[in-house]
Amino acid sequence: MSEILRVEHLKKYFDTPAGPLHAVDDVSFTIKAGSTLGVVGESGCGKTTLGRVVLQLQDKTDGKIIFDGQDVSSVDKKGWRALRDDMQIIFQDPMSSLDPRMSVREIIEEPLKLQRKLNKEERITRVKELMDTVGIAERFENAYPHELDGGRRQRIGIARALALNPKFIVCDEPVSALDVSIQAQVLNLLMDLQDELKLSYLFITHDLSVVKYISDEIVVMYLGQIVERASSAELFASPMHPYTQALLSAIPVPDVHAKKDRIILEGEITSPVNPRPGCRLAARCKYATEVCKNPQTPEEVAPGHYVSCCRAHEIRQ
Amino acid sequence: MAKYILKRILWMIPIIIGVIFLVFTLMYFTPGDPARNALGMTATEEAIEAWNAEHGLDQGFWVRLFNYYKGILHFDFGTSYTNGVSIAGEILSRFPYTILVGMLTLVIAVAVGIPTGVLAATHQNTWIDNLCMAGTMFFTAMPGFWFCLVMVMFFSLRLGWTPVSGYETWRHYIIPCVAMGVGSSAGIARQTRSSMLEVIRQDYVTTARAKGQKERNITYNHCLRNGMIPILTVIGGFLAFLISGSLVSEQIFSIPGMGVYMFKGIQQKDVPVVLGCTVVIAIYFCVIMLVTDIVYTIVDPRMKTAMISISKKVRKDGKK
Amino acid sequence: MSEKAFLQIKDLSVQYTSDHQTIHAVNGTSLRLERGETLGLVGETGAGKTTIAKTILRILPDKAAKVAGGEIWFDGQELLGLKEEEMRKIRGNRISMIFQDPMTALNPTMVVGYQIQEAILLHNSCTREEAKTRAGDMLEKVGIPRERYDDYPHQFSGGMKQRVVIAMALACNPELLLADEPTTALDVTIQAQVLEMMSGLKKEFQTAMVMITHDLGIVAEVCDKVAVCYAGVIVESGTAEEIFDHPAHPYTVGLFGSLPDMTGTRNRLTPINGMMPDPTELPSGCYFAGRCPHATAACRSVRPEMKHLGGTHDCRCIVKGGEQ
Amino acid sequence: MKRQNRKKSQAAIVMKRLFRNKTAVIGMAVIIILLLIAIFAEQLMPYDYAFQDYYALFQPPGGDYLLGTDHLGRDLLSRLIYGCRISLVIGLFSVILSALIGGALGCVAGYYGGMTDNLIMRFLDVYQSVPAFVLALAMSSVFGYGVPMTILALGISGMSGYARMMRGSIMTIKGAEYIEAARAVKGNDLHIILKHIIPNAISPMIVNMSMGVGNAILMVSMLGFVGMGVPAPTPEWGAMLAAGRNYMRDSGYLVVIPGIAIVITVMAFNLFGDGLRDALDPKLKD
């Protein structure tokens with residue numbers, strides 16, 4: 001399988017009164033065409049920023065982005081506008097990402113209008129087609145977002161992203177604002193679309209059960225850095241990084257007979273402002289020693305399984 | 001916090017410079033001949049020229065502006081064109097009257113406005129609420145000076161309870177302060193009501209109720225304090241507006257305050273008087289804004305962090 | 001069964017009225033709970049879970065909400081008929097509540113210590129000093145140093161705020177705790193911390209608890225009994241084992257089908273189709289009929305009664321109820 | 001969920017909501033009546049507003065002169081009717097002027113941010129340190145008296161509030177996720193400003209303008225009251241009040257009646273603005 005996206009040493013720093021905030025700090029990964037890379041992490045780990053920077057909706061501080069074999073790191077604004085035909089995004093909050101003064105049809109039609117390839121009739125046909133694809137009844141085409149429920153709103157967001165026939169979509173927590181039963185409907189829709197349209201996803205979420213369900217490969221982020229990367233099955237079967245282990249053990253399992261052997265992390269997430277070199281989990285990690293104060297490099301512990309923890313081997317034993 | 005206040009005080013300097021420039025330019029382009037006004041229609045051409053030279057009016061715009069700035073540095077506001085009296089002294093003797101009336105008005109406005117707003121909010125959509133809101137609707141739509149006149153007509157002329165105008169005894173202040181105060185309370189009441197309604201819906205009010213707290217304590221301890229920020233903004237705005245109000249009310253009641261002085265200055269094109277008054281008003285305005293901001297931080301501890309970080313951000317932006 | 005339980009809700013109905021519309025939030029809910037037990041009240045947004053909890057405490061908004069019928073018995077007393085003054089003595093003292101969003105549940109202009117102290121002062125005859133000491137003790141119990149008594153809520157992180165809210169709720173050693181999605185707003189690792197602390201404190205204080213949540217994982221972890229709520233009615237109830245091992249109602253089955261399986265591999269979910277009915281115009285038959293794969297004509301016309309399935313397991317369904 | 005087959009225009013929705021609000025409808029009705037009075041002032045006036053009947057000075061209300069006469073024997077009703085035109089013209093146009101200047105400044109400051117924003121905001125800081133009424137007084141002494149001059153003075157002196165408001169709403173909208181979404185579907189700056197920012201920023205502006213008319217009318221009357229608005233003999237409500245003030249001991253109606261006219265007008269615009277604010281909120285359900 002060929003690569004659709006390769007990201008190398010991507011960095012995004014924000015200026016804050018207290019110093020530079022390392023929202024995304026030296027992140028590298030690849031996504032194979034037609035597959036899903038899940039990005040999982042808790043609030044403040046920089047996963048949302050990562051999605052925005054990959055699409056250059058926010059300027060990167062440093063790093064390389066290679067899309068479909070083409071280095072797009074230094075492409076200008078106009079070039080990016082052309083790239084949006086192939087790279088799209090679905091937002092977390094379907095309410096705030098839809099203009100409250102536009103009807104459903106206007107919202108889905110907007111990208112088509114801006115693309116200027118279709119005439120009015122063709123656009124209307126395409127909008128109907130898209131609404132059908134994502135499962136919104138035609139009678140809603142003149143409704144406004146606030147008149148619809150969360151599930152339908154998110155379907156509009158998906159239709160808008162699909163309008164230009166992209167190859168790659170960043171899904172930024174697309175189901176976390178939805179109820180369980182609606183969430184399952186939308187997840188199924190996203191997977192069907194992937195099979196049908198050969199899409200590749202960068203799927204950002206904080207929900208571990210969702211990320212396991214939808215992803216082929218998963219990266220775990222903590223304070224702007226990737227701490228572990230592996231295939232979905234591998235990561236859940238043998239998590240290596242102490243953070244991943246804690247994260248996985250923290251999920252409440254809907255099974256009354258499940259045995260609980262929980263690792264509880266002490267303390268809370270700080271923010272990566274002016275971070276010191278070294279492991280960012282060290283302060284909360286029960287395995288932390290002096291060596292953890294050195295910068296951590298990803299190490300391949302099994303084929304395709306990378307861990308950024310110098311003590312991963314010791315911990316395993 | 002001290003640093004923040006100092007920064008705000010220093011920031012007043014460019015504002016004052018700007019205000020002087022703005023008003024100076026405006027007055028410069030005002031048609032009319034101050035010398036003619038001062039000396040009368042019969043004055044000779046020579047006398048007028050001499051008067052102009054004496055007041056520096058024969059010089060260009062920039063020189064005059066610069067000279068004025070230089071004077072201000074020494075707290076010299078110049079002398080009035082019309083009667084030659086020192087402006088600084090005149091303002092000093094008049095300002096207390098304006099402030100006295102203003103503060104009394106404020107006390108009445110707050111004392112009437114806040115309870116009215118609270119009453120309306122706690123009885124939302126009942127006849128009490130409707131009555132309060134209809135009342136405030138009426139008072140916000142009413143010109144303050146008109147209400148003053150109506151009060152005078154009724155209480156002074158018809159009933160003879162209070163003197164019509166003047167400033168000698170406390171009885172003279174009743175009508176102006178009550179009329180202006182009750183009139184201004186409407187804005188405060190409306191804001192109090194809407195921010196109380198906003199706060200009443202908040203989760204922490206439900207939390208307080210779930211704790212078993214009494215309704216009265218919930219209203220005053222939990223709600224009012226949290227709804228105070230927008231109310232304070234309205235009060236701050238009211239204090240700033242006070243000067244405009246005094247321009248009119250001081251005339252009606254013949255109170256010898258700043259308002260009358262400034263108004264006469266504008267009428268007689270007495271440029272130094274207008275400028276002097278404007279500078280004082282601008283300083284007053286900046287101080288009110290600063291005090292309001294400080295009171296914010298006392299009422300709502302979150303504002304403190306916000307403000308300090310804003311002032312840091314301003315510094316950073318400045319560096320770029 | 002006719003004997004009164006510690007907490008017993010009978011046929012509770014609550015309606016909201018706004019702009020000429022009547023929203024039927026709770027429609028004949030019955031629940032029972034014994035001392036020291038934990039009941040999981042499960043359901044999705046709009047199922048009426050929070051309304052039930054707020055009705056028990058009688059803290060619903062006065063004008064908009066109306067209790068249309070039913071009784072709430074708490075330790076031999078009927079709560080809905082109590083005078084406001086008597087009810088106030090129960091709130092925060094014998095029954096207290098933890099709210100969903102710790103960001104908004106604390107008063108931003110009051111120091112956290114005082115907010116705990118307030119509850120103690122209201123329900124105990126003690127001096128300010130004693131109350132302050134006890135509030136400090138409570139802070140330490142939830143893992144916050146006593147020195148932070150005089151800090152304001154905005155100086156705490158989300159997880160810490162929720163600890164303060166819990167300290168406040170437990171300050172008067174209540175017999176019943178209503179926890180409304182207490183960890184939904186928190187991150188997973190923080191959720192794990194808070195849940196562990198809560199179950200510890202629950203044991204220590206011997207408190208009965210109603211845990212309102214949409215997360216079946218949390219229910220499995222902390223609850224003894226479960227009630228599944230849909231469109232304001234309880235559709236299924238029983239012990240945790242009964243519900244998790246033998247879900248009977250099609251809605252409960254659908255909920256489990258919507259959850260991505262943590263042990264299996266990637267395959268399609270079996271979600272529930274459609275959406276919850278509009279609470280202003282509820283259907284005449286079973287509320288779930290419109291989304292139910294097993295619905296018959298009878299389901300659409302007759303409102304099903306609660307059927308006993310054995311043990312403590314009850315289910316409100318005409319078709320599936322008796323099949324076990 | 002209702003069936004949505006027909007496309008409803010935004011304006012139709014707003015009108016529908018507005019008509020459901022009783023107080024707003026009252027406000028609107030009063031405004032329409034006032035506008036009609038202003039337009040047909042000549043036809044409606046029973047006498048010429050400047051006609052002086054020396055045989056009927058200080059006639060109390062009732063009788064030949066419905067609302068009485070003033071110290072020069074002029075018909076109060078006719079003067080009120082003509083004054084309505086003056087007030088409305090100045091009120092409406094000065095607000096439009098303020099909104100245009102302020103809106104433009106606020107737009108530029110809010111959208112471009114950075115240095116431009118800083119410069120404009122500092123200018124507004126200075127501008128707002130002088131109370132609007134003082135500024136209006138000073139400006140009307142620069143521009144001179146008369147209706148167009150008063151519009152200019154009030155329009156310029158009142159613009160700062162609009163500028164701040166416009167800047168604020170543009171900054172909020174700029175940060176909204178749907179702007180990012182528009183950028184993600186190839187939107188350029190111009191498209192985003194025209195299709196997303198302006199439609200969303202315009203409605204608070206309209207609400208403020210309708211409230212602003214009431215405020216401007218109050219300002220006009222204040223200017224008139226201190227003798228710096230529209231020169232005599234044009235009947236302006238504030239000026240009429242000022243003239244009546246000298247005779248209020250015996251002829252109180254000369255003060256009371258013009259005041260009531262002001263109150264009714266200002267209140268109508270405030271009620272209308274209140275209703276408009278609710279009707280324009282896109283998040284409210286029908």
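A, B, ... follow the sequence lines: proteins, then strands. Residue 1 opens every chain. Computed from a predicted model, the values in this text were never measured in an experiment.
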Chain C-proximal positions within residues 37-49 of chain A [heavy-atom distance under 4.5 Å]
Glu42(A), Ser43(A)
Distance in Å, Leu247(A) CG paired with Asp187(C) CG, rounded so as to fall on 0.5 Å steps:
9.0 Å
Residue pair Arg291(C), Ser181(A): steps toward the side-chain contact (heavy atoms from CB on, under 4.5 Å) verdict:
CA-CA 11 Å; Arg291(C) 304 172 76 182; Ser181(A) 65; 3.2 Å; yes
Would you indicate whether the side-chain heavy atoms of Leu269(C) and Gln183(A) approach each other to under 4.5 Å?
no
Quick one: are Glu221(C) and Val256(A) in side-chain contact, heavy atoms under 4.5 Å?
no
Is it true that atom CD of Glu241(C) has more than 12 heavy atoms of other residues, nucleotides or ligands lying nearer than 6.0 Å?
yes
Quick check for you: to the nearest 0.5 Å, what is the distance between Leu259(C) atom CG and Asp255(A) atom CG?
11.5 Å
Expected output: side-chain Gln185(A) to main-chain Pro271(C) donor-acceptor under 3.5 Å:
no
Okay, Met276(C) and chain A: the region with an atom under 4.5 Å from a heavy atom over there is neither
Return the option, out of Val222(C), Leu255(C), Asp245(C), with the maximum number of heavy-atom pairs under 4.5 Å with chain A.
Asp245(C)
Measuring from atom CG of Asn188(A) to atom OG of Ser258(C), what distance do you get when rounded to the nearest 0.5 angstrom?
9.0 Å
Just jot down the side chain to side chain contact (heavy atoms under 4.5 Å, CB included) partners of Cys286(C), sequence neighbours excluded, or say none.
Phe288(C), Ala289(C), Pro304(C)
Tell me, for Ile264(A) versus chain C, whether the close heavy atoms (under 4.5 Å) come from the side chain, the backbone, both or neither.
side chain
Which region of Gln191(C), side chain (C-beta onward) or backbone (N, CA, C, O), has a non-hydrogen atom less than 4.5 Å from a non-hydrogen atom of chain A, or is it both or neither?
side chain
Looking only at heavy atoms, the pair that brings Ala250(A) and Val188(C) closest together is CB-O, 3.7 Å
Approximate separation, where rounding is to 0.5 Å, of Thr189(C) OG1 and Leu248(A) CG
12.0 Å
One option among Gln193(C), Met160(C), Glu196(C) has the most heavy-atom pairs under 4.5 Å with chain A, and it is Gln193(C)
Asp192(A) versus chain C, the contacting section by heavy-atom distance below 4.5 Å:
side chain
I need the residue from Ile190(C), Asp215(C), Leu195(C) with the largest number of non-hydrogen atom pairs under 4.5 Å to chain A.
Ile190(C)
Is the side chain of Asp179(A) donor-acceptor paired with the backbone N or O of Glu44(C) at a distance under 3.5 Å, no angle test?
no
Could you tell me which portion of Val219(C) (side chain, backbone, both or neither) has an atom closer than 4.5 angstrom to a non-hydrogen atom of chain A?
neither
Here the gap from Thr45(C) atom OG1 to Asp149(A) atom CG, rounded to the nearest 0.5 Å, amounts to 11.0 Å
For Pro254(A) and Phe256(C), which heavy atoms make the closest approach, and how far apart are they?
O-CE2, 4.4 Å
